[in-house]
Amino acid sequence: MIQLSDRIEKLFKISQEITLKKGGPYEFIKKCPTKIAGQTYEFAFEYQICEKNKKRVTLDLIGFLYIHYQKNGKFLQRNELLEPFITELKSRPCNYSVAKFIVNQLIKEHHLNK
């Protein structure tokens with residue numbers, strides 16, 4: 001997971017735009033820890049929704065989506081993630097879309113480097 005974290009950090013520069021089908025654009029800010037429902041996650045990525053609103057998406061969620069995509073060639077839907085990530089997605093509903101955007105960028109980068 002640390003390698004994935006490093007790839008994401010290199011791929012995104014400070015204030016890079018995160019474009020979504022609905023909402024956004026958001027801005028990628030930095031790698032940092034986060035806490036969700038009392039549990040600390042060492043690796044997360046902060047993004048800015050607007051001037052006064054920042055959120056963090058966990059590397060666990062990004063990694064889970066990415067590994068599933070690599071194995072199956074398709075993205076899990078939001079409702080398929082509720083069990084393992086219910087707390088994160090309930091308190092941060094944008095995280096699914098942001099994680100999916102990040103995974104799409106990782107996939108593009110991988111194909112460019114082949």
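The first residue of the sequence shown is numbered 1, and numbering continues consecutively from there.
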Which heavy-atom pair separates [X] from [Y] by the least distance, and what is that distance?
| X | Y | answer |
| --- | --- | --- |
| Lys90 | Pro93 | O-CD, 4.1 Å |
| Glu17 | Phe101 | O-CZ, 3.9 Å |
| Gln16 | Leu11 | OE1-O, 3.4 Å |
| Asp60 | Phe85 | O-CZ, 3.7 Å |
| Ala44 | Pro33 | CB-C, 4.5 Å |

Return yes if some donor-acceptor pair links the side-chain N/O of [X] with the main-chain N/O of [Y] below 3.5 Å, else return no.
| X | Y | result |
| --- | --- | --- |
| Gln77 | Asn79 | no |
| Arg78 | Leu89 | no |
| His68 | Phe75 | no |

Please determine whether residues Ile67 and Ile102 belong to a single hydrophobic cluster, defined as Ile, Leu, Val, Met, Phe, Trp and Tyr linked transitively by side-chain heavy-atom distances below 4.5 Å.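 No, no single cluster joins them.
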Co-membership, hydrophobic cluster, residues Tyr41 and Ile86, 4.5 Å side-chain: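 In one cluster: no.
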From [atom1] ([X]) to [atom2] ([Y]), nearest 0.5 Å:
| X | Y | atom1 | atom2 | answer |
| --- | --- | --- | --- | --- |
| Ser5 | Gln3 | OG | CD | 10.5 Å |
| Tyr47 | Asn53 | OH | CG | 8.5 Å |
| Leu65 | Gln70 | CG | CD | 11.5 Å |
| Lys55 | Ile29 | NZ | CD1 | 12.0 Å |
| Phe64 | Glu80 | CZ | CD | 9.5 Å |
| Phe28 | Ile8 | CZ | CD1 | 7.5 Å |

State whether a side-chain donor-acceptor pair under 3.5 Å links Tyr66 with Asn104.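 No pair is found: no donor N or O on one side chain lies under 3.5 Å from an acceptor on the other.
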Can you tell me which residue among Leu81, Ile36, Val57, Ile62 is in a side chain to side chain contact (heavy atoms under 4.5 Å, CB included) with Asn95?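 Single pass found, and it is Val57.
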Exceeds 12 heavy-atom contacts within 6.0 angstrom, atom CD of Glu42: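 No, because the 6.0 Å sphere around CD of Glu42 holds 12 heavy atoms or fewer from other groups.
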How about [X] and [Y]: do any of their side-chain heavy atoms sit closer than 4.5 Å?
| X | Y | result |
| --- | --- | --- |
| Glu88 | Thr58 | yes |
| Cys32 | Arg56 | yes |
| Lys54 | Ile49 | no |
| Phe45 | Val98 | no |
| Tyr26 | Cys94 | yes |

Set out, in order, the CA-CA distance, both residues' side-chain angles and the distance that settles side chain to side chain donor-acceptor pair (under 3.5 Å) for Thr87 and Arg92, then state yes or no. CA-CA 8 Å; Thr87 307; Arg92 302 167 184 190; over 6 Å; no
Does the pair Arg7/Glu109 count as a salt bridge with the N-to-O cut at 4.0 Å?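 Judged by the 4.0 Å cut-off on N to carboxylate O distance, Arg7 and Glu109 do form a salt bridge.
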